[in-house]
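Down below is the structure, laid out as structure tokens.
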Amino acid sequence: MDTDALTAGLLQELRATRPYPAVSLTMPTHRRAPDNAQDAVRLRNLVAEAGGRLDADPRVTREAAAAVKGQLDRAVAEVDPRRALDSLVILATAEEYQIWQLPRTAPERVVLSDTYLTRNLVAAKAQARPFWVLTVAGDHAALWSGTTDGVRPQERGGFPLTAPKEPPNPQREERIGDTPSTFSDEETRQFLRTVDEALRGVLAADPRPLYLFGLAPALALFDEVGECGRSAAGRVTKGAPADIPPAELLKELRPALEEGAGQRAAEIDTRLDHARGSRAFAGGLDEVWTAVREGRAGLVAVEEHVQRTVRVTDDHLEPVSGDESARAADGQVREDIVDELVEAALDNGADVVFVADDSLAEHGRIAAALRY
């Protein structure tokens, strides 16, 4: 699975308590050769480490250990290196396994607990900045899920939708003297109402910025009969054939996406500037981490590729350097503290945004606007 699949409902399910042990494996991966040649070896070593820990854990019966190891082996066999992104997460219990390939790096780690580790999934989805695209015409509408990596058609919420085809009506044509316009007949209006209703359900379940793609008359009528179009982040007024290729759709969307990104960046700068002026600002990992833990952060801005390894000492964070084995042996060392912070901020209702590298260099590459 990828970040598109991580809805609020699924995240709640992943965080649910499970019979011990629930195993979470995370590791960095590589998208291209020759670097990706090492990924399979590292994965086998990580699974072997998990197996050893299961065997050595007195809380895990022999049968449970064998069942979980069997699920891990099935997961490894299913991993497709051609779809590799920047990290791999495998979640497994005696009853199931899940494979997540993420566009954000994660440390190499094995965790045995009574729930799955979700921080890397949450941070990867936030960084991907997912959005929805609705391609709409008078007789069809399709839903697309987009991220920084591309767009893909979606079959959810009833999409794709096609208008019922009405048989020719000679008597009607005789009465009005011509065939009705596509965008003036009641059937089209009703169809676009149905599209709007279906889209409202999707947005309620997984809120994201929405982009509209279609001819101007179609978009105008969609705005008139529904609600979703009024809050769209952007639109492209061009014909939307039902079989439009994803690459072509993304190419046409680029200007609207870049304009939307520019507007969001300006809004973030304004909020952070206002926070500095009103002394409701935190800058740097330690200050922001403290504000998030206390529930005071209303907006957290993080540079795209910032990663930190720290040690938690007296409720503060200290940078860590040294060999990997020392880190692994120290339970106070957090190798993905930024992902942990992002998940905690979102859980506390904060807005989390990823911004361009070096845009927060003077603030330790992470900043927050505080609620109080």
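In what follows, residues are counted from 1 in the order of the sequence shown.
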message = Working note: Trp144 + Ile244, criterion side chain to side chain contact (heavy atoms under 4.5 Å, CB included); need CA distance, chi angles, decisive distance, verdict.
response = CA-CA 11 Å; Trp144 303 72; Ile244 186 170; 3.7 Å; yes
ask   = Can you check salt bridge (Lys or Arg N to Asp or Glu O under 4.0 Å) on Arg152 and Asp2, steps first, answer last?
value = CA-CA 12 Å; Arg152 285 174 293 184; Asp2 55 38; 2.5 Å; yes
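- In terms of heavy-atom proximity, Ala297 sits nearest to Val300 at CB-CG2, 3.9 Å.
- The closest side-chain heavy-atom distance from Pro130 to Lys125 is below 4.5 Å.
- Looking at Glu78, its side chain never comes within 3.5 Å of a backbone N or O of Arg74 through a donor-acceptor pair.
- The closest donor-acceptor contact from the side chain of Arg308 to the backbone of Pro319 lies at 3.5 Å or more, if one exists at all.
- Rounding to the nearest 0.5 angstrom, the gap separating the CZ atom in Arg200 from the CG atom in Leu203 is 10.0 Å.
- The heavy-atom pair separating Leu272 from Ala367 by the smallest distance is CD2-CB, 4.4 Å.
- Looking at heavy atoms from C-beta onward, Glu96 lies in side-chain contact with Arg18 at the 4.5 angstrom threshold.
- Linking Ile, Leu, Val, Met, Phe, Trp and Tyr residues whenever their side-chain heavy atoms come within less than 4.5 Å leaves Val89 and Ile99 in two separate clusters.
- Across Leu14 and Thr115, no two heavy atoms sit closer than the pair O-OG1, 3.4 Å.
- By the 4.5 Å heavy-atom criterion applied to side chains, Ser87 and Asn120 are not counted as neighbours.
- Note that the OG1 atom of Thr194 and the CD atom of Glu197 stand 6.5 Å from one another [nearest 0.5 Å].
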key: Residue pair Asp114, Arg59: steps toward the salt bridge (Lys or Arg N to Asp or Glu O under 4.0 Å) verdict   = CA-CA 12 Å; Asp114 60 357; Arg59 293 172 292 176; over 6 Å; no
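- Under a hydrophobic-cluster definition in which Ile, Leu, Val, Met, Phe, Trp and Tyr are linked whenever side-chain heavy atoms come within less than 4.5 Å, directly or via other members, Phe354 and Ile366 are assigned to the same cluster.
- The closest donor-acceptor contact from the side chain of Asn348 to the backbone of Val292 lies under 3.5 Å.
- Of the residues Leu121, Thr118, Leu102, the one that meets the side-chain contact (heavy atoms from CB on, under 4.5 Å) test with Leu6 is Leu121.
- Under the 4.5 Å side-chain criterion, counting only non-hydrogen atoms from C-beta, Thr93 is not in contact with Pro19.
- One hydrophobic cluster, built from ILVMFWY side chains closer than 4.5 Å, holds both Val306 and Val342.
- A distance of 11.0 Å separates CZ of Arg334 from CG of Leu341, quoted to the nearest 0.5 Å.
- At distances below 3.5 Å, not a single donor-acceptor pair connects side-chain atoms of Thr26 with backbone N or O atoms of Glu108.
- Formation of a donor-acceptor pair under 3.5 Å by the Asp339 side chain with backbone atoms of Ala106 is not found in this model.
- Distance check, rounded to the nearest 0.5 Å: CG of Leu221 to CZ of Phe191 gives 11.0 Å.
- Using a 4.0 Å cut-off between a side-chain N of Lys or Arg and a carboxylate O of Asp or Glu, Asp86 and Arg31 qualify as a salt bridge.
- Under the 4.5 Å side-chain criterion, counting only non-hydrogen atoms from C-beta, Gln307 is in contact with Arg104.
- Under 4.0 Å is where a charged nitrogen must lie from a carboxylate oxygen, and between Arg365 and Asp358 at least one such pair does.
- Of the possible polar contacts, none joining the Arg235 side chain to the Phe213 backbone as a donor-acceptor pair under 3.5 Å is found.
- We find that Asp351 and Arg264 are not joined by a salt bridge, their nearest charged nitrogen and carboxylate oxygen being 4.0 Å or further apart.
- Checking Ile90, Val41, Val76, Leu25 one by one against Leu46, the side-chain contact (heavy atoms from CB on, under 4.5 Å) holds for a single residue, Leu25.
- The closest donor-acceptor contact from the side chain of Trp132 to the backbone of Asp206 lies under 3.5 Å.
- Under a hydrophobic clustering in which Ile, Leu, Val, Met, Phe, Trp and Tyr are joined whenever their side-chain heavy atoms come within less than 4.5 Å, directly or via other members, Val202 and Phe131 fall into different clusters.
- Closest heavy-atom contact between Ala50 and Val23: CB-CG1, 4.5 Å.
- Taken together through direct or relayed side-chain contacts under 4.5 Å among Ile, Leu, Val, Met, Phe, Trp and Tyr, Val338 and Leu346 form part of one hydrophobic cluster.
- Across Leu219, Val195, Asp196, a single residue satisfies side-chain contact (heavy atoms from CB on, under 4.5 Å) together with Leu134, and that is Val195.
- You'll find the side chain of Leu210 reaches within 4.5 Å of the side chain of Leu199, heavy atoms only.
- Nearest heavy atoms, Glu303 versus Ala361: OE2-N, 3.3 Å.
- Inter-residue side-chain proximity for Leu215 and Thr237 is flagged as unmet; no heavy-atom pair is nearer than 4.5 Å.
- Side-chain atoms of Arg129 and Pro209, non-hydrogen and from C-beta on, never get closer than 4.5 Å to each other.
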query = Run the salt bridge (Lys or Arg N to Asp or Glu O under 4.0 Å) check on Glu343 and Arg15 step by step: do they pass?
reply = CA-CA 12 Å; Glu343 183 177 45; Arg15 288 174 168 173; 2.7 Å; yes
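- Using a distance-only test at 3.5 Å, with no hydrogens or angles considered, a donor-acceptor pair links the side chain of His140 to the main chain of Ala240.
- Electrostatic pairing of Arg109 and Glu335 does not count as a salt bridge here, judged by no charged N lying under 4.0 Å from a carboxylate O.
- Residue Gln98 holds its CD atom at 6.0 Å from OH of Tyr116, rounded to the nearest 0.5 Å.
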